[in-house]
Amino acid sequence: MANFSKSNVPQFSVEVYQNEFLPEGGREVNAIVTVTSTGGGTTGGVPLSGTAPSAAAYTPDQAAYAPGRAADAAVVLMVDCSGSMDYPPTKMRNARDATAAAVDTLREGTRFAVVAGTHVAKDVYPGNGRLAVADAGTKAQAKEALRRLSAGGGTAIGTWLRLADRLLGAADADIRHGILLTDGRNEHEALEDLRAALDACAGRFTCDARGVGTDWDVKEVTSVASALLGTADIVADPSHLAADFTRMMENAMGKEVADVALRLWTPVGVEIRFVKQVAPTVEDLTGRRTEAGPRSGDYPTGSWGDESRDYHVCVRVPEAGIGREMLAARASLILPDPTGTAAPQVLSQGLVRAVWTDDMVASTSINPQVAHYTGQAELAQVIQQGLDARKSGDLDGATAKLGRAEQLASASGNEETAKLLSKVVDVVDAATGTVRLKAKVAEADEMTLETRSTKTVRVKR
């Protein structure tokens with residue numbers, strides 16, 4: 001790849017935090033791999049000023065990362081137009097206004113389309129399986145098409161995603177992104193059909209998903225974001241949609257590089273137990289591994305702008321004697337060649353080590369980063385378990401799990417989650433996790449806790 005291209009790719013760094021010391025017979029090695037991306041010409045959705053050269057001014061490999069190249073991104077906005085969007089009528093109006101605000105936030109030159117979703121999917125702008133190129137004229141036309149949207153029909157989210165995939169697949173763009181809004185349950189297609197659609201779309205584009213109101217299914221919406229490496233959230237009050245859509249689009253416009261993979265190489269005899277993203281949200285990537293050569297596997301991380309994320313890597317190493325040491329894993333950030341003709345580019349890498357010692361203090365000390373994120377992953381899990389128990393009528397189980405969640409949130413300084421928990425339980429003693437279930441809980445408060453349960457706080461270093 002040309003030097004020009006490399007200089008315009010965001011700069012990635014990898015830092016490894018771990019206690020590498022193991023006792024005699026110790027085999028489990030844990031590490032937090034922090035990946036940070038900076039630079040690369042990100043604008044966060046702010047229109048670029050000046051007269052940056054167009055993509056045509058560069059050779060193909062240069063154009064892929066040309067600074068300010070407006071055609072670098074393609075976005076499809078999927079708007080729920082099912083009959084329930086008319087109850088109350090302000091919901092549909094707020095959805096139209098929010099999508100219009102997102103269209104206004106598009107960077108000039110970004111290719112985009114609007115899909116109306118019911119029990120079928122229809123590309124209402126620009127139509128005929130095409131993408132428009134964002135400028136003042138096409139944005140105005142898109143907003144006019146949005147004004148004509150009305151509610152009616154059912155909900156089949158898988159069909160919306162498959163149409164978005166076809167539209168984005170036709171775009172020669174580095175960043176392919178979807179934004180999906182729904183207010184109801186996916187009642188007009190089988191669960192297997194939605195799963196099949198998610199499997200088909202995974203790795204082809206990223207997608208943020210939002211549920212508006214309180215009549216949608218949290219697990220359906222979060223499954224979309226999880227499979228497509230996007231974000232999920234609730235917008236309980238439809239009047240807040242425009243602000244949320246604007247932030248989502250600004251974030252999408254700030255992405256500069258897609259398809260980055262975390263590649264783990266391990267020596268003979270080393271077994272990878274799990275790989276999880278643990279900040280800014282918990283996402284288990286273990287089952288998403290694709291083989292990448294002898295003893296190497298790639299785990300998808302999606303698109304990047306200026307940001308930092310943490311990953312928890314756990315490996316099982318062979319037994320070794322006191323004084324022995326080994327490389328337990330090598331973590332690399334890999335960027336595929338956009339032309340498909342050259343080897344992937346290694347953006348940065350870090351090493352995970354194992355050292356066997358008879359120093360009990362060294363070998364029993366838990367690394368602060370590992371301890372923090374182990375607690376954050378447990379926090380997300382016990383919230384889900386507690387809410388599920390509450391829904392099934394197991395009040396004792398719900399109290400125990402949500403009490404543990406309160407204890408973990410308090411100990412880790414996760415104030416946002418603690419605040420959400422306080423709307424579902426009365427806290428007697430946060431330090432011991434002693435809580436009482438509230439007799440009455442607003443549905444929006446319970447759904448907000450469930451939707452945001454995987455959000456974590458960064459460890460203080």
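Side chains included, hydrogens not; waters and symmetry mates left out as well; all remaining heavy atoms used. The first residue of the sequence shown is numbered 1, and numbering continues consecutively from there.
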* Structure fact -> In short, ring-ring contact (aromatic ring centres under 6.0 Å, His included) pairs touching residues 163-187 with sequence neighbours left out are none
Distance-only donor-acceptor pairs under 3.5 Å for side chains of residues 312-324, two or more places apart:
{"from": "His312", "atom 1": "NE2", "to": "Asn30", "atom 2": "OD1", "distance (Å)": "2.9"}

* Could you list the residues that satisfy side-chain contact (heavy atoms from CB on, under 4.5 Å) with Ser13, not counting sequence neighbours? => Thr36
* May I have all residue pairs that pass salt bridge (charged side-chain N to carboxylate O under 4.0 Å, His left out) and include part of residues 338-350, sequence neighbours excluded? => none
* Asked: How would you list, by chain and number, every residue that makes a ring-ring contact (aromatic ring centres under 6.0 Å, His included) with Tyr125, sequence neighbours excluded?
  -> Phe112
* Structure fact -> residues 204-214 vs salt bridge (charged side-chain N to carboxylate O under 4.0 Å, His left out), sequence neighbours excluded, gives Asp165-Arg204, Arg210-Asp244
* Structure fact -> For Lys276, the salt bridge (charged side-chain N to carboxylate O under 4.0 Å, His left out) test, sequence neighbours excluded, returns none
* Contact list for residues 213-232, test salt bridge (charged side-chain N to carboxylate O under 4.0 Å, His left out), sequence neighbours left out -> Arg185-Asp217, Lys219-Asp388, Lys219-Glu450
* To do: Name all residues meeting the side chain to side chain donor-acceptor pair (under 3.5 Å) criterion together with Arg288; count only those two or more places apart in sequence or in a different chain, and write none if there are none.
  => Ser226, Glu283
* For Lys438, salt bridge (charged side-chain N to carboxylate O under 4.0 Å, His left out) partners two or more places apart -> Asp426
* Partners meeting salt bridge (charged side-chain N to carboxylate O under 4.0 Å, His left out) with Asp259 (sequence neighbours left out) -> none
* Structure fact -> Residues passing the side-chain contact (heavy atoms from CB on, under 4.5 Å) test with Ala331, sequence neighbours excluded, are Val33, Leu262, Leu264
